[in-house]
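The next block holds one structure in the form of structure tokens; read it before the comments.
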Amino acid sequence: MEGETSWNSHCIDDMSKDIGEFDSFSELSDEGNKEMIVSVDSTLPDDLLERILAYLPIASIFRAGSVCRRWHEIVSSKRFLWNFSHVLSQKPWYFMFTSSDEPVGYAYDPILRKWYTIELPCIQTPNWFIASSCGLVCFMDNDSRSELHVCNPITKICKKLQEPPGMKFSDYSALSLSVSRTSHNYTISIVKSKQVPGNFLQWDLSIHIYDSETMMWATSLTEVLTGWRGGDESVICDGVLYFLIYSTGVGTPENRHSLVAYNLSSRSSPLIRSLIPVPGPLTCGRLMNLKGKLVMVGGIGKPDRPDIIKGIGIWVLNGRNWVEVGRMPHKFFQGFGELDDVFASSGTDNLIYIQSYGAPALLVFDMNQKLWKWSLKCPVSKKFPLQLFTGFCFEPRLEIAP
């Protein structure tokens, strides 16, 4: 299909053998360009060639590894991976699940505007909890909430973590992951929430933190919330864990959601003191870390019927105040066709991806350029009315391992 490329990403050796035709290297097949490669190959020293190759899109790097023996050795070397990690970051990809039962789908490369078929390690069904940061992805099962894996979806290197503490069968859980770009150490948080038996207004909430350096879990906080419950949306941003909580029936529609800011260093308590109101009556809030800034994408409810959205907005948290930085134009909002009050959205770097659960359409918002753009059409079509689509974004990186 148009825009689809086969992808086998176990390691660079396998990738360079099985990779399909990438646009940025398709011109290397004619004789004139082969002569050019020979000329460049004979005049450039290894260190300079490494730096040049490190600026290529990651898909083109694998294609470059099959050009000749020297290039293959360069892109496979540890020194190249070091250079690769210090150049401009790769644009985040978006993996779209195309099955409700199997964790299969396509990954979208916004630089080459191509979809690739890739196999995700560890995850068993699309409804698992997913969090990503700086090239790593964390998967947590949706049943017991006790099976966790951290992996690099490009290299397929995967690590299973020990079972987290706290209640196993929580009513709600929120998973987040934060990876250091310098040390590559990472922090995982799970916010668990369960209703107090016989009390609709009170909910037990606990925060559990995993440190990859010590390889240990710690229960950071346990607290009973009155009038609020936890949810499934959280993110770590600049050392602060942010998560959304939801009203259990008290208050107006404008106050149905609130944001908790929990400093992972000072571990302040009680949580109610750190509540930050959300910008208006939102039906679906999605949190993400974009270059150290907390960003929220949310459905804007109609004043008279807050459960029905009239549009989608994007806000950045500045101190304790929200600043609106974008609102989806009506033509794009209509373009989803079946967009209801719940949708998938995730982002990193400068890109935000938004998609409807009811269709494989994928919309991209560039935070720098304030530009909305449809992705290249995903090479899959809806086969039956109740087929659902969802997804997550991640940075494609070679040098980071769990």
Side-chain angles (χ1 to χ4, degrees), residues 129-131 140 142 145 164-167 169-178 187-209 219-264 266-289 294-301 306-307 309 313-322 341-346:
F129 294 88
I130 302 172
M140 181 175 73
N142 195 31
R145 323 284 171 87
M167 62 188 96
F169 299 95
S170 56
D171 294 325
Y172 297 93
S173 296
L175 176 70
S176 54
L177 169 69
S178 178
T187 300
I188 297 172
S189 77
I190 305 176
V191 181
K192 298 184 178 183
S193 183
K194 189 174 182 64
Q195 185 180 353
V196 174
N199 191 324
F200 178 75
L201 292 180
Q202 289 192 326
W203 289 73
D204 288 317
L205 186 142
S206 58
I207 300 175
H208 311 277
I209 307 296
T219 299
S220 180
L221 176 141
T222 57
E223 193 171 308
V224 176
L225 296 183
T226 300
W228 298 94
R229 66 161 177 83
D232 59 1
E233 197 66 30
S234 68
V235 69
I236 300 173
C237 187
D238 196 24
V240 178
L241 169 64
Y242 296 95
F243 58 95
L244 290 175
I245 57 176
Y246 304 84
S247 171
T248 55
V250 180
T252 62
E254 289 77 13
N255 298 319
R256 291 184 306 170
H257 305 73
S258 193
L259 181 74
V260 173
Y262 179 73
N263 192 305
L264 294 176
S266 61
R267 302 186 178 185
S268 57
S269 182
L271 295 178
I272 203 71
R273 294 177 181 172
S274 62
L275 295 192
I276 300 173
V278 299
L282 302 182
T283 63
C284 179
R286 304 300 188 197
L287 303 177
M288 54 202 75
N289 179 349
L294 178 71
V295 176
M296 180 166 66
V297 178
I300 303 169
D307 290 330
I309 61 174
I314 300 174
W315 296 267
V316 174
L317 187 65
N318 184 10
R320 293 181 57 86
N321 299 313
W322 294 99
D341 61 333
V342 182
F343 53 88
S345 181
S346 58

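Since we're looking at a predicted model, the values are computed, not measured. No hydrogens, no waters, no symmetry mates; every other heavy atom, side chains included, goes into these values.
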Nearest 0.5 Å, what's the [atom1]-[atom2] distance between [X] and [Y]?
X: N289; Y: L294; atom1: CG; atom2: CG; result: 7.5 Å
X: K194; Y: W203; atom1: NZ; atom2: CH2; result: 8.5 Å
X: I207; Y: I190; atom1: CD1; atom2: CD1; result: 11.5 Å
X: F129; Y: M140; atom1: CZ; atom2: CE; result: 5.0 Å
X: R145; Y: H208; atom1: CZ; atom2: NE2; result: 12.0 Å
X: Y246; Y: Y172; atom1: OH; atom2: OH; result: 9.5 Å

* To do: Evaluate side chain to side chain contact (heavy atoms under 4.5 Å, CB included) for F343 paired with V297, printing each intermediate quantity in order.
  => CA-CA 10 Å; F343 53 88; V297 178; 3.9 Å; yes
Is a side-chain N or O of [X] found less than 3.5 angstrom from the main chain of [Y], in a donor-acceptor match?
X: K192; Y: P165; value: yes
X: H257; Y: G285; value: no
X: D204; Y: T222; value: no

* Indicate whether any N or O donor in one side chain lies under 3.5 Å from an N or O acceptor in the other, for S176 and S189. =>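 Side chains of S176 and S189: pair found under 3.5 Å.
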* Asked: Between Y262 and S220, do the side chains contain an N or O donor and an N or O acceptor separated by less than 3.5 Å?
  -> yes
* **side chain to side chain contact (heavy atoms under 4.5 Å, CB included) assessment of L271 paired with W228** => CA-CA 11 Å; L271 295 178; W228 298 94; over 6 Å; no
* To do: Please name the residue in the list L287, L259, V235 that meets the side-chain contact (heavy atoms from CB on, under 4.5 Å) test with M296.
  =>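 The residue from L287, L259, V235 that satisfies side-chain contact (heavy atoms from CB on, under 4.5 Å) with M296 turns out to be L287.
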* side-chain contact (heavy atoms from CB on, under 4.5 Å), paired with L205, selected from V224, V260, L225 -> L225
* Asked: Can you tell me if CG on N263 sees more than 12 non-hydrogen neighbours from other groups inside 6.0 Å?
  ->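 Yes, because the 6.0 Å sphere around CG of N263 holds more than 12 heavy atoms from other groups.
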* Asked: Minimum heavy-atom separation for N199 to L201, with atom names?
  -> OD1-N, 3.0 Å
* To do: Give the minimum heavy-atom separation between A261 and I276, together with the two atoms involved.
  =>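 So the two residues come closest at CB-CD1, 4.2 Å.
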* Check against side chain to side chain contact (heavy atoms under 4.5 Å, CB included), Y242 and L317 -> CA-CA 11 Å; Y242 296 95; L317 187 65; 3.8 Å; yes
* To do: Determine, stepwise, if the pair I130 / L175 fulfils side chain to side chain contact (heavy atoms under 4.5 Å, CB included).
  => CA-CA 7 Å; I130 302 172; L175 176 70; 5.8 Å; no
